[in-house]
Participant: 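Take a look at this one; I'll ask things after.
Computation of the quantities below employed the complete heavy-atom set of this structure, encompassing side-chain atoms and omitting hydrogens, waters and symmetry-equivalent molecules.
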Amino acid sequence: MLPVLYQDDYMIAVHKPAGLLVHRSLIDKYETRFAMQMVRDQLNQHVFTVHRLDKPTSGVLLFALNRDVARLLNPMFAEGKVEKTYRAIVRGFSPPGGRIEHALKEKLDAIADKKVRTDKEPQSAISEYKTRARFELPFAVRPYKTARYSLVELHPHTGRKHQLRRHMAHINHPILGDANHGDGKHNAMLRTEFDFQGLALNASEIALNHPVSGQKLVIKSESEPRMQRLLTLWRDNNWERECPE
């Protein structure tokens, strides 16, 4: 059973845990559990995907409950009319906040995207971030004697594949646990010292105008237990540092 964050006659939002695919994919053809099927079984009715979260990302996942509502929601996501908020733990002391405008080459998968054109120009991509906390841990990660991390709030304004992961790596503050765009030395230290597995990225909130009533709707996720355990431990050990406004 996936925790239900919001439900009415037209759509349902659930908390997707890290490590769960949204739907069946050629990329992970041996996987047998999918959020779409789990929600369908919970409700005993068909549901329709209107947006996606990467397998290692946890948080708010919204489904339409009929085809007509899906037709209304899909362009809202595609046109940036849904405000998305993420929380991530990144390497280093990130700046207080900023805007990243860095075009991204379309990221293709050798299996799922083998028929897609590979000569496309980089696509515009915009993200904003705000640093919410900073931590300094007494663990050496070469070439430094301590390890510094930041908790950031992220707002993607476009929806490119792995956009937040690639943008944070672009400004030299990769998200912890990112095997493709992150820092292997820090990822290894966190596994060894804290048994932290996976990606430190959580889709914490989405805000949109209801596709039928038009009323403003804000849906928040449950806390991410892996990330929360890490932050609580760091705070309990007095490793939190001053975070400038």
Participant: In the structure I gave you, are the side-chain heavy atoms of Val50 and Met76 within less than 4.5 Å of one another anywhere?
Facilitator: no
Participant: Asp178 side chain to Asn180 main-chain N or O, any donor-acceptor pair under 3.5 Å?
Facilitator: yes
Participant: Identify whether Leu151 and Leu154 are in the same connected component of the hydrophobic contact network (ILVMFWY, side-chain heavy atoms under 4.5 Å).
Facilitator: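 In one cluster with Leu151: Leu154, no.
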Participant: A side-chain contact here means heavy atoms from C-beta on lying under 4.5 Å apart; do Gln45 and Asn66 qualify?
Facilitator: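 A side-chain contact under 4.5 Å is absent here.
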Participant: Cut-off 3.5 Å, side chains only: do Ser223 and Gln228 have a donor facing an acceptor?
Facilitator: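 Ser223 vs Gln228: no donor-acceptor pair found between side chains.
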Participant: His162 side chain to Arg165 main-chain N or O, any donor-acceptor pair under 3.5 Å?
Facilitator: no
Participant: State plainly whether the residues Arg99 and Glu101 are in salt-bridge range, i.e. N to O under 4.0 Å.
Facilitator: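 Here Arg99 pairs with Glu101 in a salt bridge, since their nearest N and O are under 4.0 Å apart.
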Participant: Under a plain distance cut-off of 3.5 Å, with no hydrogens placed, do Asn74 and His51 share a side-chain donor-acceptor pair?
Facilitator: no
Participant: Do Leu208 and Lys81 pass the side chain to side chain contact (heavy atoms under 4.5 Å, CB included) test, and can you show the C-alpha distance, the side-chain angles, and the key distance before you say yes or no?
Facilitator: CA-CA 7 Å; Leu208 69 159; Lys81 295 179 180 178; over 6 Å; no
Participant: May I ask you to check whether Asn238 and Glu240 show a side-chain donor-acceptor distance below 3.5 Å?
Facilitator: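 There is no such pair between these side chains.
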Participant: How many angstroms lie between CD1 in Ile206 and CG in Leu217, if you round to the nearest 0.5 Å?
Facilitator: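 CG of Leu217 is found 7.5 Å from CD1 of Ile206.
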Participant: Taking Thr57 for the side chain and Leu53 for the main chain, is one N or O donor matched with an acceptor at less than 3.5 Å?
Facilitator: no
Participant: For the residue pair Leu231 and Phe135, establish whether any side-chain heavy-atom pair is separated by less than 4.5 Å.
Facilitator: yes
Participant: Taking Lys16 for its side chain and Arg52 for its backbone only, find out whether a donor-acceptor pair lies under 3.5 Å.
Facilitator: no
Participant: Test Glu106 against every option in Lys120, Lys161, Arg166 by the salt bridge (Lys or Arg N to Asp or Glu O under 4.0 Å) rule and name the one that passes.
Facilitator: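 Passing option: Lys120.
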Participant: Check whether any side-chain N or O of His173 sits under 3.5 Å from a backbone N or O of Arg91 as a donor-acceptor pair, and report yes or no.
Facilitator: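 Yes: the side chain of His173 pairs with the backbone of Arg91.
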Participant: Is there a path of hydrophobic side-chain contacts, each under 4.5 Å between heavy atoms of I, L, V, M, F, W or Y residues, that connects Leu72 with Val47?
Facilitator: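 The answer is no; the residues belong to distinct hydrophobic clusters.
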Participant: Is any side-chain heavy atom of Ile175 closer than 4.5 Å to one of Leu199?
Facilitator: yes
Participant: How many angstroms lie between NE2 in His167 and NE2 in His102, if you round to the nearest 0.5 Å?
Facilitator: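 So the gap between those two atoms works out to 6.0 Å.
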Participant: Could you walk me through whether Gln42 and Leu2 pass side chain to side chain contact (heavy atoms under 4.5 Å, CB included), step by step?
Facilitator: CA-CA 8 Å; Gln42 283 179 219; Leu2 295 180; 3.5 Å; yes
Participant: Locate the shortest heavy-atom distance separating Asn187 from Gly177; write the atom from each residue and the value.
Facilitator: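 Asn187 and Gly177 have their closest heavy atoms at OD1-N, 2.8 Å.
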Participant: Could you tell me whether a side-chain N or O of Glu224 sits under 3.5 Å from a main-chain N or O of Arg226, the two making a donor and an acceptor?
Facilitator: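 Flag set: sc Glu224 to bb Arg226 pair under 3.5 Å.
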Participant: Rounded to the nearest 0.5 Å, what's the gap from NZ on Lys55 to CG on Leu21? Could you check?
Facilitator: 5.0 Å
Participant: Would you kindly say whether Glu153 and Thr85 are connected by a side-chain donor-acceptor distance under 3.5 Å?
Facilitator: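 No - no donor-acceptor pair under 3.5 Å links their side chains.
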Participant: Give a yes or no answer on whether the side chain of His186 reaches the backbone of Val141 with a donor-acceptor pair at less than 3.5 Å.
Facilitator: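 Answer holds: no.
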Participant: Given side chains that start at C-beta, do those of Met38 and Leu20 come closer than 4.5 Å, heavy atoms only?
Facilitator: yes
Participant: Restricting to non-hydrogen atoms, name the atom on Ala35 and the atom on Leu61 that form the minimum distance, rounded to 0.1 Å.
Facilitator: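 Between these two residues, the closest heavy atoms are CB-CD2, 3.8 Å.
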Participant: Return the CG to CG distance between Leu137 and Asn237, rounded to the nearest 0.5 Å.
Facilitator: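 Here the interatomic distance stands at 8.0 Å.
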Participant: Just to verify, which of Trp234, Phe93, Tyr144, Phe139 counts as forming a ring-ring contact (aromatic ring centres under 6.0 Å, His included) with Tyr149?
Facilitator: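 For Tyr149, the ring-ring contact (aromatic ring centres under 6.0 Å, His included) test succeeds with only one of Trp234, Phe93, Tyr144, Phe139, which is Trp234.
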Participant: Answer yes if Phe77 and Val22 sit in the same cluster of Ile, Leu, Val, Met, Phe, Trp and Tyr residues linked by side chain heavy atoms under 4.5 Å apart, and no otherwise.
Facilitator: no
Participant: Check whether any side-chain heavy atom of Glu128 lies under 4.5 Å from a side-chain heavy atom of His157, and answer yes or no.
Facilitator: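 A side-chain contact under 4.5 Å exists here.
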Participant: Nearest heavy-atom pair of Arg160 and Ser124: which atoms, and what distance?
Facilitator: NE-O, 2.8 Å
Participant: Closer than 3.5 angstrom, by distance alone: can the side chain of Ser204 be matched with the main-chain N or O of Ser221 as a donor-acceptor pair?
Facilitator: no
Participant: Whether the side chain of Arg229 engages the backbone of Phe194 through a donor-acceptor N/O pair (distance < 3.5 Å, no angle test) should be reported.
Facilitator: yes
Participant: So for atom NZ, which belongs to Lys130, do other residues, nucleotides or ligands contribute more than 12 heavy atoms lying within a distance under 6.0 Å?
Facilitator: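 It does: Lys130 NZ has more than 12 such atoms within range.
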Participant: Establish whether Tyr86 and Met227 are linked, either directly or via other cluster members, by ILVMFWY side-chain heavy-atom contacts under 4.5 Å.
Facilitator: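 No: no chain of side-chain contacts under 4.5 Å links Tyr86 to Met227.
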Participant: Quick check: closest heavy atoms across Pro156 and Leu164, and the distance to 0.1 Å?
Facilitator: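 Taking every non-hydrogen atom into account, CB-CD2, 4.0 Å.
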Participant: State, with a plain yes or no, whether a side-chain heavy atom of Leu201 is found less than 4.5 Å away from one of Ile89.
Facilitator: no
Participant: Between Ser127 and Gln163, is there a side-chain donor-acceptor contact under 3.5 Å, judged purely by atom types and distance?
Facilitator: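 Looking only at side-chain atoms, Ser127 and Gln163 do form a donor-acceptor pair, the distance falling under 3.5 Å.
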Participant: Check whether Ser150 reaches the backbone of Gly92 with its side chain - one donor and one acceptor, N or O, closer than 3.5 Å.
Facilitator: yes
Participant: Cluster question for you: counting only ILVMFWY and a side-chain heavy-atom cut-off of under 4.5 Å, with indirect links fine, are Tyr6 and Val60 together?
Facilitator: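 Result: yes, single cluster for both.
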Participant: For His210 and Tyr10, take the angle between the two ring planes, folded into 0 to 90°, and tell me which bin it lands in: parallel under 30, tilted 30 to 60, perpendicular over 60.
Facilitator: perpendicular
Participant: Of the non-hydrogen atoms in Phe196 and Arg191, which two are nearest, and what is the gap between them?
Facilitator: O-CG, 3.2 Å
Participant: Between Leu62 and Thr49, does a side chain to side chain contact (heavy atoms under 4.5 Å, CB included) hold up when you go through it step by step?
Facilitator: CA-CA 7 Å; Leu62 188 67; Thr49 56; over 6 Å; no
Participant: How long is the span from the CD1 atom in Ile12 to the CG atom in Leu5, to the nearest 0.5 Å?
Facilitator: 9.0 Å
Participant: Closest approach of Val90 and Leu176, non-hydrogen atoms and distance?
Facilitator: C-CD2, 4.1 Å
Participant: Taking C-beta and beyond as the side chain, do Pro211 and Met11 meet within less than 4.5 Å on heavy atoms?
Facilitator: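 Side chain of Pro211 against side chain of Met11, heavy atoms only: contact under 4.5 Å found.
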Participant: Can you check side chain to side chain contact (heavy atoms under 4.5 Å, CB included) on Met189 and Lys185, steps first, answer last?
Facilitator: CA-CA 6 Å; Met189 186 277 285; Lys185 296 191 297 294; over 6 Å; no
Participant: The test is salt bridge (Lys or Arg N to Asp or Glu O under 4.0 Å); show your working for Glu83 and Lys216 and say whether it passes.
Facilitator: CA-CA 11 Å; Glu83 301 171 19; Lys216 186 74 171 183; 3.4 Å; yes
Participant: CD of Gln215: more than 12 outside heavy atoms within 6.0 angstrom?
Facilitator: no
Participant: Out of curiosity, Ser58 OG to His15 NE2, how far, rounded to the nearest 0.5 Å?
Facilitator: 5.0 Å
